[in-house]
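Report on the structure given below.
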Amino acid sequence: MRILIVGGVAGGASAAARARRLSEDAEIIIFERGEHVSFANCGLPYHIGGVIKERQKLLVQTPESLYKRFRIKTNVKTEVAKIDRVQKNIVVRDIVSGQESVEAYDYLILSPGADPIKPPIPGFDLPQVMTLRNLSDMDRIKQQIDQNNAKKVIIVGGGYIGLEMTEALCERKLQVQIIELSNQVMGPADPEMAYYLHQELYKHGVGINFGVSVKAFYQAGHGVSAELSNGEKLDCDLVILAIGVKPEIPLAREAGLQIGQRGGIVVDEHMRTNDPAIFAVGDAIEVDEFVTGTKVLIPLAGPANRQGRIAADNIFGRDSIYRRTQGTAVCKFFDLTIGMTGINEKILKRMNLAFEKVYIHSHNHAGYYPGATQISMKLLFDPQSGKILGAQAVGREGVDKRIDVLAVALRCGMTVYDLEHLELCYAPPYGSAKDPVNFLGFVASNMLKGDVLNCHSEDAINPRPDQVILDVRSVQETQAGMIPGAVNIPIDDLRGQLDRLSKDKEYMAYCQVGLRGYLACRILTQHGFKCRNLSGGYQTFKAYVGI
């Protein structure tokens with residue numbers, strides 16, 4: 001059997017290694033257009049920033065190591081120019097010499113990846129305007145900083161690459177400006193969760209330009225001038241385009257393989273294209289989103305690795321199935337970590353799907369143990385069944401393990417009631433007897449069971465005439481800010497001041513993070529008053545309104 005693989009890195013290299021483990025007899029050849037077949041592309045910003053000192057550590061496998069251990073042949077700097085599906089062969093071009101050859105296959109695996117998006121505007125091809133996809137891109141960025149003494153950088157886009165590059169360049173003492181068309185960075189998160197990243201940006205002196213785009217880049221001496229859609233101009237020494245990526249599909253399209261509405265290669269659950277001899281994996285394909293089943297593009301390394309393994313399994317007759325993509329991801333950003341799994345509120349609203357949400361702000365470990373820090377968490381779930389739909393978390397420590405637990409819960413179809421009963425490891429340096437994940441279950445279950453009615457920041461901004469906002473924090477706490485129009489009765493004084501309240505009104509109770517607001521509602525409802533608790537309290541309200 002002859003298996004040809006177009007593209008290495010995560011999906012292609014994983015498919016090749018799995019194929020060899022399943023068969024010592026198969027002939028396996030990788031064709032990689034770049035000069036490196038398998039490298040840690042997620043580590044590129046960290047080498048630029050100096051965290052990963054040695055460039056060599058980014059090389060996962062080389063052509064020599066792949067052949068020595070796996071007897072996999074690798075052709076780097078080699079482009080696949082054409083696929084002949086009838087003859088089952090490909091036309092291969094050596095990029096250096098231009099020489100072409102024809103290679104036959106029994107099975108073909110496409111792992112071309114995705115290209116950084118480059119806006120069709122004047123000046124996007126200037127040498128100081130760069131993208132970051134591979135080691136060569138990384139080398140050019142480093143050279144511009146190291147040899148040309150760059151001081152000011154513009155980053156277009158506030159997603160994963162944009163934020164990681166912002167941190168890397170700030171670590172190198174460069175001045176950074178972010179240009180972001182939307183009203184937030186980290187698009188997969190909801191705005192009130194991205195708020196904490198905005199605060200971290202301000203803290204580190206990063207300029208943020210929300211709601212604007214770049215109209216053109218112009219040469220300005222040795223640097224670049226960026227003309228923005230709001231009429232402003234920003235000068236810099238280096239521009240990094242981090243707008244996003246798009247599937248690299250020209251080869252597949254020209255071969256007549258099916259391309260989906262999202263612009264990616266269409267595959268079935270076995271990673272097979274509309275040609276039974278051709279499989280496709282990684283950033284170039286469309287996948288089913290786990291919660292809704294809709295077709296999406298989610299370019300993540302973990303799914304790409306699993307898809308490569310699954311493609312190889314099916315080539316050798318194993319019925320291996322890819323079980324959708326959850327979009328579980330995490331990003332380090334200065335002192336913060338943000339993580340997420342499942343879908344966000346923006347998608348749920350856009351698809352007009354029913355949902356409920358709760359927020360908590362818990363410590364990463366026992367508060368009495370030194371070094372405890374806060375994790376802010378958001379849980380989205382079905383209002384009828386309690387089934388988990390998505391989760392987001394931001395904090396300094398412990399975010400990753402909570403999101404991992406919630407990702408497993410989502411994968412297993414668990415509900416908020418199940419979260420109450422999860423038995424998670426506990427010792428004071430690592431967690432609490434009631435873990436933040438348990439607390440999410442408690443808060444959401446209380447709401448679904450009718451123990452408390454919730455309200456949210458959007459409700460508190462525009463209360464109805466029959467609603468009163470009730471602040472149950474201490475007087476000292478209110479001096480740092482209150483929701484406009486709120487009445488303050490501290491929780492410990494509430495039972496003694498019930499005569500100040502009216503049973504004709506509905507009270508929207510809030511505290512700092514939500515716990516005392518819940519207690520206030522339990523007191524008031526048992527005394528015949530109508531009450532709702534502001535989920536996440538004043539801290540979530542501040543994040544929602546951006547103060």
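- Counting non-hydrogen atoms of other residues, nucleotides and ligands closer than 6.0 Å to OH of Y430 gives a total of 12 or fewer.
- Listed for the N438 side chain is a donor-acceptor partner under 3.5 Å among the backbone atoms of L422.
- Two rings, from Y544 and F541, have their centers 6.0 Å or more apart.
- Put simply, the side chain of M186 does not reach to within 4.5 Å of the side chain of M193, judged on heavy atoms.
- The two residues V176 and I155 have their closest heavy-atom pair at CG1-CD1, 3.9 Å.
- Side chain of N446 to backbone of V443: no donor-acceptor contact under 3.5 angstrom is found.
- A donor-acceptor pair under 3.5 Å is absent between the side-chain atoms of K173 and the main chain of C170, judged by distance alone.
- Within 6.0 Å of NZ on K246 lie no more than 12 heavy atoms contributed by other residues, nucleotides or ligands.
- Residue M165 comes nearest to I141 through the heavy atom pair CE-CG2, 4.4 Å, listed as atom of the first residue, atom of the second, then distance.
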Step-by-step side-chain contact (heavy atoms from CB on, under 4.5 Å) determination, L424 to V437: CA-CA 9 Å; L424 304 173; V437 173; 3.9 Å; yes
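- The distance from atom CZ of R69 to atom CZ of R20, rounded to the nearest 0.5 Å, is 14.0 Å.
- Applying side chain to side chain donor-acceptor pair (under 3.5 Å) to D313 and the options H270, R318, R18 leaves one that passes, R18.
- In this structure, CD1 on I523 lies 3.5 Å from CZ on R495, to the nearest 0.5 angstrom.
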Report the C-alpha separation of L524 and L498 in whole Å, then their side-chain angles, then the decisive distance to 0.1 Å, and conclude whether the side-chain contact (heavy atoms from CB on, under 4.5 Å) test is met. CA-CA 8 Å; L524 291 177; L498 294 178; 3.6 Å; yes
Please test E289 against I343 for side-chain contact (heavy atoms from CB on, under 4.5 Å), starting from the C-alpha separation and ending with a verdict. CA-CA 9 Å; E289 193 279 318; I343 54 178; 3.1 Å; yes
Criterion salt bridge (charged side-chain N to carboxylate O under 4.0 Å, His left out) on R473 and D471, from CA distance to verdict: CA-CA 6 Å; R473 298 175 299 163; D471 189 327; 2.7 Å; yes
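- Between the D190 side chain and the N344 main chain, no donor and acceptor come within less than 3.5 Å of each other.
- I360 and F439 get closest at one heavy-atom pair: CD1-CB, 3.9 Å.
- Checking side-chain atoms of R172 against main-chain N and O of I48 turns up a donor-acceptor pair under 3.5 Å.
- In terms of heavy-atom proximity, F334 sits nearest to T166 at CZ-O, 4.2 Å.
- With T478 contributing its side chain and V475 its backbone, the two residues share a donor-acceptor pair below 3.5 Å.
- The two atoms that bring A194 and V185 nearest to each other are CB-O, 3.4 Å, heavy atoms only.
- Within a 6.0 Å sphere centred on NZ of K295, other residues, nucleotides and ligands contribute more than 12 heavy atoms.
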One pair to check against side-chain contact (heavy atoms from CB on, under 4.5 Å): T337 and R396. What are the steps and the verdict? CA-CA 6 Å; T337 298; R396 301 194 179 282; over 6 Å; no
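- Using a 4.5 Å heavy-atom cutoff, the side chains of I298 and P303 are not in contact.
- At a cut-off of 3.5 Å, with distance as the only test, no side-chain donor of E477 or Y538 sits close to an acceptor on the other residue.
- With hydrogens and angles ignored, the 3.5 Å screen pairs no side-chain donor or acceptor of E164 with any backbone N or O of Y46.
- Counting heavy atoms of neighbouring residues, nucleotides and ligands inside a 6.0 Å radius, atom NZ of K346 exceeds 12 of them.
- The closest side-chain heavy-atom distance from T328 to R411 is not below 4.5 Å.
- Using a 4.5 Å heavy-atom cutoff, the side chains of H456 and Y359 are in contact.
- The side chain to side chain donor-acceptor pair (under 3.5 Å) test with Q539 singles out one residue from E192, Q374, Q512, and that residue is Q374.
- Within the 3.5 Å criterion, the main-chain N or O of H47 finds no donor-acceptor partner in the side chain of R55.
- The two residues N454 and M447 come nearest to each other via the heavy atoms ND2-SD, 3.6 Å.
- A distance-only check finds no donor-acceptor pair linking the side chain of N462 to the backbone of E458 [under 3.5 Å].
- Taken to the nearest 0.5 Å, the CD atom of E200 stands 11.0 Å off from the CG atom of L163.
- Crowding of R21 atom CZ: a count of heavy atoms from other residues, nucleotides or ligands under 6.0 Å exceeding 12.
- V287 has its side chain within reach of Q307: a pair of non-hydrogen atoms, C-beta onward, lies under 4.5 Å apart.
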D335/K203 under salt bridge (charged side-chain N to carboxylate O under 4.0 Å, His left out): CA gap, chis, key distance, verdict: CA-CA 11 Å; D335 295 328; K203 172 183 169 183; 3.5 Å; yes
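- Atom CD in Q61 sits 4.5 Å away from atom CG in L66 (nearest 0.5 Å).
- Residue Q497 qualifies as enclosed at atom CD: its count of foreign heavy atoms under 6.0 Å is above 12.
- Side-chain contact between C455 and Y510 is absent, with no heavy-atom pair separated by less than 4.5 Å.
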Apply side chain to side chain donor-acceptor pair (under 3.5 Å) to the pair S182 and Q184, showing each step before the final yes or no. CA-CA 6 Å; S182 74; Q184 67 167 93; 5.8 Å; no
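- The CG atom of L197 lies 7.5 Å from the SG atom of C331; values are rounded to the nearest 0.5 Å.
- Open room surrounds CD on Q384; 12 or fewer heavy atoms of other groups in view lie less than 6.0 Å from it.
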Show your working on side chain to side chain donor-acceptor pair (under 3.5 Å) between T540 and H361 and close with a plain yes or no. CA-CA 9 Å; T540 294; H361 306 279; 2.8 Å; yes
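- N364 places a side-chain N or O within 3.5 Å of a backbone atom of T373 that can act as its donor or acceptor partner.
- If you check the side chains of E171 and H204, you find no donor sitting under 3.5 Å from an acceptor.
- How far CD of E397 is from CD1 of I375: 9.0 Å, rounded to the nearest 0.5 Å.
- Proximity of I483 to M508: side-chain heavy atoms (C-beta onward) are nowhere separated by under 4.5 Å.
- For the side-chain contact (heavy atoms from CB on, under 4.5 Å) test with L440, the passing option among V416, L406, V405 is L406; the others fail.
- Ring centroid separation for the pair H198 and F210 comes in under the 6.0 Å cut-off.
- When side chains are defined from C-beta on, I109 counts as touching I315, because their heavy atoms get closer than 4.5 Å.
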